[in-house]
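Structure first, then comments.
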Amino acid sequence: MQSIPFIDLQTQRKRLGPRLERAIAAAVEGGQWIMGPQVRALEEQLAQYAGVKHAIACANGTDALLIILKAWGIGPGDAVFVPGFTFAASAEVVALVGATPVFVDVLEDTYNIAPASLSAAIAMVKREGQLRPRVVMPVDLFGQAADYAALEDIVAREKLLMLCDTAQAFGATLDGRQTAAIGDAAATSFFPAKPLGCYGDGGCSFTNDDGLADLLRSIRIHGQGRDKYENVRIGVNSRLDTIQAAILIEKLKILPDELEARERIARRYSEKLVRSNRIRVPHVIDGARSTWAQYTIQLPDRDRVKDELAAEGIPAQIYYLTPLSAQRGYAHYPSVPLPVSEVLGATVLSLPMHPYLDEATQDRIVDAVLKSVSRS
Ligand SMILES: Cc1ncc(COP(=O)(O)O)c(C=O)c1O
(Lines give C-alpha, C1' and ligand atoms only; values in the text may rest on other atoms or scores of the structure.)
Protein backbone atom coordinates (compact mmCIF):
# COMPACT_ATOMS: atom_id res chain seq x y z
CA MET A 1 0.00 0.00 0.00
CA GLN A 2 1.29 3.48 -0.89
CA SER A 3 2.81 5.43 1.97
CA ILE A 4 1.34 8.80 2.91
CA PRO A 5 3.75 11.65 3.76
CA PHE A 6 3.34 13.03 7.28
CA ILE A 7 3.82 16.53 5.86
CA ASP A 8 3.74 17.05 2.10
CA LEU A 9 5.93 20.02 1.16
CA GLN A 10 6.40 18.98 -2.44
CA THR A 11 2.80 19.72 -3.46
CA GLN A 12 3.17 23.23 -2.08
CA ARG A 13 6.45 23.58 -3.99
CA LYS A 14 4.74 22.59 -7.23
CA ARG A 15 1.92 25.05 -6.55
CA LEU A 16 4.41 27.90 -6.13
CA GLY A 17 6.44 26.62 -9.11
CA PRO A 18 8.07 29.32 -11.26
CA ARG A 19 7.24 32.13 -8.78
CA LEU A 20 9.43 30.46 -6.20
CA GLU A 21 12.18 29.72 -8.68
CA ARG A 22 12.20 33.35 -9.89
CA ALA A 23 12.36 34.61 -6.31
CA ILE A 24 15.30 32.32 -5.49
CA ALA A 25 17.12 33.27 -8.71
CA ALA A 26 16.64 36.99 -7.96
CA ALA A 27 18.07 36.51 -4.45
CA VAL A 28 21.10 34.74 -5.90
CA GLU A 29 21.60 37.30 -8.68
CA GLY A 30 21.21 40.19 -6.20
CA GLY A 31 24.45 39.15 -4.55
CA GLN A 32 23.49 40.20 -1.00
CA TRP A 33 23.12 36.68 0.26
CA ILE A 34 22.75 37.40 3.95
CA MET A 35 20.30 40.02 5.29
CA GLY A 36 19.68 41.31 1.77
CA PRO A 37 16.75 43.58 0.79
CA GLN A 38 14.32 40.63 0.78
CA VAL A 39 14.89 40.23 4.54
CA ARG A 40 13.77 43.81 5.23
CA ALA A 41 10.78 43.34 2.90
CA LEU A 42 9.83 40.12 4.67
CA GLU A 43 10.07 41.79 8.08
CA GLU A 44 7.69 44.52 6.94
CA GLN A 45 5.22 41.98 5.56
CA LEU A 46 5.35 39.80 8.66
CA ALA A 47 4.81 42.81 10.94
CA GLN A 48 1.88 43.93 8.86
CA TYR A 49 0.36 40.44 8.74
CA ALA A 50 0.70 39.99 12.49
CA GLY A 51 -0.45 43.50 13.38
CA VAL A 52 2.70 44.20 15.37
CA LYS A 53 5.10 47.12 15.08
CA HIS A 54 8.40 45.26 14.69
CA ALA A 55 9.38 41.92 13.15
CA ILE A 56 13.09 41.09 13.49
CA ALA A 57 14.17 38.12 11.40
CA CYS A 58 16.98 35.85 12.55
CA ALA A 59 18.55 32.46 11.90
CA ASN A 60 16.00 30.19 13.64
CA GLY A 61 13.21 30.15 16.20
CA THR A 62 15.48 29.11 19.06
CA ASP A 63 17.66 32.18 18.50
CA ALA A 64 14.58 34.39 18.30
CA LEU A 65 13.66 33.29 21.85
CA LEU A 66 17.27 33.53 23.05
CA ILE A 67 17.81 37.02 21.69
CA ILE A 68 14.67 38.31 23.43
CA LEU A 69 15.79 36.88 26.80
CA LYS A 70 19.25 38.41 26.32
CA ALA A 71 17.73 41.77 25.41
CA TRP A 72 15.71 41.72 28.64
CA GLY A 73 18.87 40.90 30.59
CA ILE A 74 17.46 37.63 31.90
CA GLY A 75 20.22 35.65 33.56
CA PRO A 76 21.44 33.88 36.71
CA GLY A 77 18.95 33.99 39.57
CA ASP A 78 15.97 34.59 37.27
CA ALA A 79 13.07 32.15 36.95
CA VAL A 80 11.39 31.68 33.58
CA PHE A 81 8.15 29.66 33.69
CA VAL A 82 7.94 27.18 30.81
CA PRO A 83 5.45 24.39 30.08
CA GLY A 84 6.82 20.91 30.75
CA PHE A 85 5.07 19.61 27.63
CA THR A 86 6.85 21.37 24.76
CA PHE A 87 9.82 21.16 22.41
CA ALA A 88 13.18 21.44 24.19
CA ALA A 89 14.05 24.84 22.66
CA SER A 90 11.54 26.63 24.92
CA ALA A 91 13.50 25.70 28.06
CA GLU A 92 16.92 25.40 26.43
CA VAL A 93 17.20 29.15 25.75
CA VAL A 94 16.44 29.89 29.40
CA ALA A 95 19.32 27.68 30.50
CA LEU A 96 21.57 29.18 27.79
CA VAL A 97 21.24 32.69 29.27
CA GLY A 98 22.07 31.26 32.71
CA ALA A 99 18.54 31.61 34.07
CA THR A 100 16.43 28.78 35.51
CA PRO A 101 13.52 27.21 33.66
CA VAL A 102 10.71 26.34 36.08
CA PHE A 103 8.39 23.72 34.63
CA VAL A 104 4.64 24.19 34.69
CA ASP A 105 1.93 21.68 33.76
CA VAL A 106 -0.40 21.99 30.78
CA LEU A 107 -4.15 21.61 30.24
CA GLU A 108 -5.30 18.20 29.11
CA ASP A 109 -7.69 19.48 26.46
CA THR A 110 -5.55 22.15 24.75
CA TYR A 111 -1.99 20.98 25.55
CA ASN A 112 -1.15 24.57 26.55
CA ILE A 113 0.22 25.98 29.81
CA ALA A 114 -2.28 25.64 32.68
CA PRO A 115 -2.94 28.98 34.42
CA ALA A 116 -3.53 27.29 37.81
CA SER A 117 -0.27 25.36 37.56
CA LEU A 118 1.52 28.59 36.58
CA SER A 119 0.16 30.34 39.68
CA ALA A 120 1.33 27.39 41.79
CA ALA A 121 4.81 27.52 40.23
CA ILE A 122 5.13 31.28 40.84
CA ALA A 123 4.02 30.77 44.47
CA MET A 124 6.57 27.95 44.85
CA VAL A 125 9.43 30.12 43.56
CA LYS A 126 8.43 33.01 45.81
CA ARG A 127 8.11 30.72 48.84
CA GLU A 128 11.52 29.14 48.27
CA GLY A 129 13.10 32.58 47.80
CA GLN A 130 16.06 31.39 45.71
CA LEU A 131 15.02 32.79 42.34
CA ARG A 132 13.37 36.00 41.07
CA PRO A 133 10.23 35.32 38.99
CA ARG A 134 10.79 37.27 35.74
CA VAL A 135 9.24 35.77 32.60
CA VAL A 136 6.32 33.54 31.61
CA MET A 137 6.83 31.71 28.33
CA PRO A 138 3.56 30.23 27.08
CA VAL A 139 3.91 27.99 24.02
CA ASP A 140 1.15 27.94 21.38
CA LEU A 141 1.48 24.20 21.10
CA PHE A 142 0.47 22.43 17.89
CA GLY A 143 -0.67 25.79 16.51
CA GLN A 144 -3.24 26.91 19.07
CA ALA A 145 -2.97 30.09 21.15
CA ALA A 146 -2.51 29.55 24.86
CA ASP A 147 -5.23 30.85 27.20
CA TYR A 148 -3.88 34.42 27.07
CA ALA A 149 -6.85 36.03 28.82
CA ALA A 150 -6.02 34.10 32.00
CA LEU A 151 -2.25 34.38 31.51
CA GLU A 152 -2.30 38.15 30.97
CA ASP A 153 -4.05 38.55 34.35
CA ILE A 154 -1.38 36.51 36.14
CA VAL A 155 1.49 38.26 34.36
CA ALA A 156 0.06 41.71 35.20
CA ARG A 157 -0.61 40.77 38.83
CA GLU A 158 2.87 39.34 39.33
CA LYS A 159 4.60 42.08 37.26
CA LEU A 160 6.28 39.56 34.96
CA LEU A 161 7.24 39.75 31.31
CA MET A 162 5.49 37.47 28.82
CA LEU A 163 7.37 35.90 25.91
CA CYS A 164 5.09 33.94 23.58
CA ASP A 165 6.78 30.96 21.98
CA THR A 166 4.64 30.90 18.88
CA ALA A 167 7.13 28.79 16.89
CA GLN A 168 4.33 26.43 15.83
CA ALA A 169 1.62 29.02 15.41
CA PHE A 170 2.51 31.96 13.16
CA GLY A 171 -0.89 32.96 11.76
CA ALA A 172 -2.91 31.69 14.73
CA THR A 173 -5.33 34.12 16.33
CA LEU A 174 -7.17 34.57 19.61
CA ASP A 175 -10.16 36.92 19.59
CA GLY A 176 -8.82 38.36 16.35
CA ARG A 177 -5.31 39.01 17.72
CA GLN A 178 -2.38 37.26 16.07
CA THR A 179 -0.32 35.30 18.60
CA ALA A 180 2.81 37.06 17.32
CA ALA A 181 1.31 40.31 18.64
CA ILE A 182 0.56 38.99 22.14
CA GLY A 183 2.79 39.45 25.18
CA ASP A 184 5.78 41.76 25.58
CA ALA A 185 7.47 39.88 22.76
CA ALA A 186 6.89 36.76 20.68
CA ALA A 187 9.09 34.43 18.65
CA THR A 188 8.39 32.11 15.74
CA SER A 189 10.23 29.52 13.67
CA PHE A 190 10.39 29.03 9.91
CA PHE A 191 11.72 25.46 10.16
CA PRO A 192 10.52 23.73 6.95
CA ALA A 193 7.78 21.68 8.65
CA LYS A 194 6.20 24.71 10.34
CA PRO A 195 2.96 26.12 8.87
CA LEU A 196 5.07 28.97 7.47
CA GLY A 197 8.40 27.32 6.76
CA CYS A 198 11.38 28.09 4.53
CA TYR A 199 13.88 25.75 2.87
CA GLY A 200 16.35 25.74 5.71
CA ASP A 201 16.40 27.43 9.10
CA GLY A 202 14.81 30.76 9.85
CA GLY A 203 13.07 32.58 12.70
CA CYS A 204 11.65 35.90 13.76
CA SER A 205 10.92 37.88 16.90
CA PHE A 206 8.09 40.37 17.28
CA THR A 207 7.40 43.29 19.59
CA ASN A 208 5.57 46.59 19.80
CA ASP A 209 8.34 48.00 22.01
CA ASP A 210 10.67 50.31 20.00
CA GLY A 211 13.53 50.08 22.50
CA LEU A 212 13.37 46.30 22.63
CA ALA A 213 13.27 46.12 18.81
CA ASP A 214 16.51 48.16 18.60
CA LEU A 215 18.16 45.79 21.07
CA LEU A 216 16.97 42.69 19.16
CA ARG A 217 18.38 44.10 15.89
CA SER A 218 21.70 44.78 17.59
CA ILE A 219 22.02 41.46 19.44
CA ARG A 220 21.25 39.34 16.37
CA ILE A 221 24.35 40.76 14.65
CA HIS A 222 27.14 40.60 17.25
CA GLY A 223 25.77 43.44 19.36
CA GLN A 224 26.26 45.93 16.55
CA GLY A 225 25.90 49.69 17.02
CA ARG A 226 25.58 51.97 13.98
CA ASP A 227 27.14 49.26 11.81
CA LYS A 228 28.52 45.77 12.21
CA TYR A 229 32.01 47.00 13.06
CA GLU A 230 30.79 49.05 15.99
CA ASN A 231 30.06 46.53 18.74
CA VAL A 232 28.24 48.07 21.66
CA ARG A 233 27.22 44.87 23.51
CA ILE A 234 27.71 41.12 23.39
CA GLY A 235 25.46 39.58 20.80
CA VAL A 236 25.19 36.47 18.65
CA ASN A 237 25.46 35.64 14.96
CA SER A 238 21.84 35.07 13.95
CA ARG A 239 21.15 36.53 10.53
CA LEU A 240 18.59 35.32 8.00
CA ASP A 241 19.70 34.23 4.54
CA THR A 242 18.28 36.31 1.70
CA ILE A 243 17.17 33.20 -0.20
CA GLN A 244 15.12 32.08 2.81
CA ALA A 245 13.46 35.50 3.02
CA ALA A 246 12.65 35.37 -0.71
CA ILE A 247 11.06 31.94 -0.25
CA LEU A 248 9.08 33.10 2.79
CA ILE A 249 7.73 36.13 0.90
CA GLU A 250 6.22 33.78 -1.70
CA LYS A 251 4.91 31.37 0.94
CA LEU A 252 3.37 34.16 3.04
CA LYS A 253 1.15 35.03 0.06
CA ILE A 254 -0.55 31.64 0.21
CA LEU A 255 -0.52 31.23 4.01
CA PRO A 256 -4.12 32.49 4.55
CA ASP A 257 -5.40 30.03 1.96
CA GLU A 258 -3.32 27.22 3.46
CA LEU A 259 -4.59 27.98 6.97
CA GLU A 260 -8.17 27.74 5.66
CA ALA A 261 -7.36 24.34 4.18
CA ARG A 262 -5.80 23.13 7.44
CA GLU A 263 -8.90 24.31 9.32
CA ARG A 264 -11.18 22.41 6.92
CA ILE A 265 -9.13 19.24 7.26
CA ALA A 266 -8.96 19.47 11.07
CA ARG A 267 -12.73 19.91 11.29
CA ARG A 268 -13.32 16.95 9.02
CA TYR A 269 -10.89 14.80 10.98
CA SER A 270 -12.63 15.71 14.24
CA GLU A 271 -16.16 15.15 12.91
CA LYS A 272 -15.22 11.61 11.91
CA LEU A 273 -12.88 10.64 14.75
CA VAL A 274 -15.23 11.83 17.47
CA ARG A 275 -17.47 8.90 16.54
CA SER A 276 -15.18 6.73 18.65
CA ASN A 277 -15.61 7.41 22.33
CA ARG A 278 -12.06 6.13 22.87
CA ILE A 279 -10.51 9.03 20.97
CA ARG A 280 -10.13 12.53 22.33
CA VAL A 281 -10.00 15.02 19.47
CA PRO A 282 -8.25 18.41 19.81
CA HIS A 283 -10.18 21.10 21.65
CA VAL A 284 -9.97 24.67 20.37
CA ILE A 285 -10.79 27.35 22.93
CA ASP A 286 -13.48 29.98 22.24
CA GLY A 287 -12.22 32.71 19.95
CA ALA A 288 -9.10 30.79 18.89
CA ARG A 289 -8.03 29.84 15.38
CA SER A 290 -5.27 27.27 15.23
CA THR A 291 -2.66 26.91 12.50
CA TRP A 292 -2.94 23.15 12.98
CA ALA A 293 0.82 22.68 12.95
CA GLN A 294 -0.14 19.29 14.31
CA TYR A 295 -3.47 17.49 14.56
CA THR A 296 -3.04 15.60 17.81
CA ILE A 297 -5.47 13.13 19.33
CA GLN A 298 -5.33 11.21 22.62
CA LEU A 299 -6.13 7.53 22.77
CA PRO A 300 -5.50 4.46 24.91
CA ASP A 301 -3.18 1.83 23.49
CA ARG A 302 -1.44 4.57 21.51
CA ASP A 303 1.72 2.63 20.66
CA ARG A 304 -0.18 -0.29 19.15
CA VAL A 305 -2.33 2.05 17.07
CA LYS A 306 0.78 3.89 15.86
CA ASP A 307 2.40 0.59 14.80
CA GLU A 308 -0.75 -0.59 13.02
CA LEU A 309 -1.01 2.71 11.14
CA ALA A 310 2.65 2.44 10.12
CA ALA A 311 1.99 -1.06 8.76
CA GLU A 312 -0.65 0.52 6.49
CA GLY A 313 1.72 3.21 5.24
CA ILE A 314 0.29 5.91 7.51
CA PRO A 315 2.93 7.76 9.53
CA ALA A 316 1.89 9.16 12.90
CA GLN A 317 4.21 10.92 15.34
CA ILE A 318 4.47 11.32 19.09
CA TYR A 319 4.94 14.92 20.25
CA TYR A 320 6.14 14.68 23.04
CA LEU A 321 6.93 11.36 24.64
CA THR A 322 8.73 12.67 27.71
CA PRO A 323 8.00 15.92 29.58
CA LEU A 324 11.05 18.19 29.60
CA SER A 325 11.28 17.98 33.38
CA ALA A 326 12.00 14.26 32.99
CA GLN A 327 14.59 14.63 30.21
CA ARG A 328 18.19 14.07 31.28
CA GLY A 329 19.33 17.57 30.36
CA TYR A 330 16.52 19.23 32.29
CA ALA A 331 15.69 16.97 35.22
CA HIS A 332 17.62 19.10 37.73
CA TYR A 333 15.51 22.22 37.14
CA PRO A 334 12.59 23.07 39.44
CA SER A 335 9.12 21.90 38.57
CA VAL A 336 5.67 21.76 40.07
CA PRO A 337 3.96 18.36 39.67
CA LEU A 338 3.19 17.65 35.99
CA PRO A 339 0.57 14.90 36.06
CA VAL A 340 -1.08 16.02 32.82
CA SER A 341 2.20 16.29 30.87
CA GLU A 342 3.08 12.77 32.00
CA VAL A 343 -0.26 11.30 30.90
CA LEU A 344 -0.10 13.10 27.55
CA GLY A 345 3.31 11.59 26.85
CA ALA A 346 1.66 8.17 26.92
CA THR A 347 -1.52 8.98 24.98
CA VAL A 348 -0.88 11.61 22.28
CA LEU A 349 -0.60 10.82 18.60
CA SER A 350 -0.24 13.35 15.79
CA LEU A 351 -1.79 12.40 12.45
CA PRO A 352 -0.62 13.55 9.01
CA MET A 353 -1.57 17.21 8.58
CA HIS A 354 -0.84 19.66 5.77
CA PRO A 355 -2.99 21.84 3.50
CA TYR A 356 -2.84 19.44 0.54
CA LEU A 357 -4.31 16.37 2.24
CA ASP A 358 -7.18 15.35 -0.04
CA GLU A 359 -10.44 13.89 1.26
CA ALA A 360 -9.72 10.35 0.05
CA THR A 361 -6.44 10.35 1.97
CA GLN A 362 -8.10 11.85 5.05
CA ASP A 363 -10.68 9.08 4.91
CA ARG A 364 -7.99 6.43 4.57
CA ILE A 365 -6.29 7.79 7.70
CA VAL A 366 -9.51 8.12 9.69
CA ASP A 367 -10.71 4.65 8.75
CA ALA A 368 -7.39 3.12 9.73
CA VAL A 369 -7.40 4.91 13.11
CA LEU A 370 -11.01 3.94 13.85
CA LYS A 371 -10.38 0.33 12.82
CA SER A 372 -7.29 0.07 14.99
CA VAL A 373 -8.90 1.76 18.00
CA SER A 374 -11.94 -0.52 17.80
CA ARG A 375 -9.63 -3.48 18.47
CA SER A 376 -8.60 -2.03 21.85
C1 LIG B 1 7.67 25.12 20.56
C2 LIG B 1 8.93 25.39 19.80
N3 LIG B 1 9.78 26.32 20.27
C4 LIG B 1 10.92 26.63 19.62
C5 LIG B 1 11.27 25.98 18.45
C6 LIG B 1 12.59 26.30 17.83
O7 LIG B 1 12.55 26.67 16.49
P8 LIG B 1 13.79 26.35 15.52
O9 LIG B 1 13.78 24.91 15.22
O10 LIG B 1 13.53 27.22 14.33
O11 LIG B 1 15.03 26.78 16.24
C12 LIG B 1 10.41 25.03 17.91
C13 LIG B 1 10.71 24.38 16.62
O14 LIG B 1 11.05 23.33 16.39
C15 LIG B 1 9.21 24.71 18.61
O16 LIG B 1 8.37 23.78 18.15
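The figures here come from the full heavy-atom set of this structure, side chains too, leaving out hydrogens, waters and symmetry mates. Order of listing sets the numbers, starting from 1, for every ligand and every atom in it.
- Residues Glu258 and Tyr356 bring a donor and an acceptor atom of their side chains to less than 3.5 Å of each other.
- Listed here is the closest heavy atom pair of Pro5 and Pro352: O-CB, 3.9 Å.
- Atoms of ligand 1 found under 4.0 Å from any heavy atom of Ala89, numbered from 1 in the order shown, are 4 (C), 5 (C), 6 (C).
- When only non-hydrogen protein atoms are considered, atom 16 (O) of ligand 1 lies nearest to Gln168 NE2, 2.9 Å.
- Between Asp140, Thr166, Thr62, it is Thr62 that holds the heavy atom closest to atom 11 (O) of ligand 1.
- Proximity of a side-chain donor or acceptor of Arg220 to a complementary backbone N or O of Ala57 within less than 3.5 Å is detected.
- Of all the heavy atoms of Thr86, the ones lying under 4.0 Å from any atom of ligand 1 belong exclusively to the side chain.
- Distance from atom 1 (C) of ligand 1 to its nearest protein heavy atom, with residue and atom name: Asp165 OD2, 3.5 Å.
- If you check the side chains of Ser372 and Glu308, you find a donor sitting under 3.5 Å from an acceptor.
- Rounded to the nearest 0.5 angstrom, Gln38 CD and Gln244 CD are separated by 12.0 Å.
- By the criterion of a heavy-atom distance under 4.0 Å, both the backbone and the side chain of Asn60 are placed next to ligand 1.
- Between Ser205 and Leu216, the closest heavy-atom pair is OG-CD1, 3.7 Å.
- Ring centers of Phe142 and Tyr295: at least 6.0 Å apart, outside the cut-off.
- Side-chain atoms of Asp301 never come within 3.5 Å of backbone atoms of Val373 as a donor-acceptor pair (strictly under, hydrogens ignored).
- Scanning the protein heavy atoms around atom 14 (O) of ligand 1, the nearest turns out to be Lys194 NZ, 2.9 Å.
- Among Ser189, Pro83, Cys204, the residue whose heavy atom sits closest to atom 9 (O) of ligand 1 is Ser189.
- Polar contact check, Gly61 against ligand 1: a nitrogen or oxygen pair lies under 3.5 Å apart.
- Atom 15 (C) of ligand 1 has as its closest protein heavy atom Ala167 CB, 3.5 Å.
- Near Val139, with a cut-off below 4.0 Å to any heavy atom, the atoms of ligand 1 are 1 (C).
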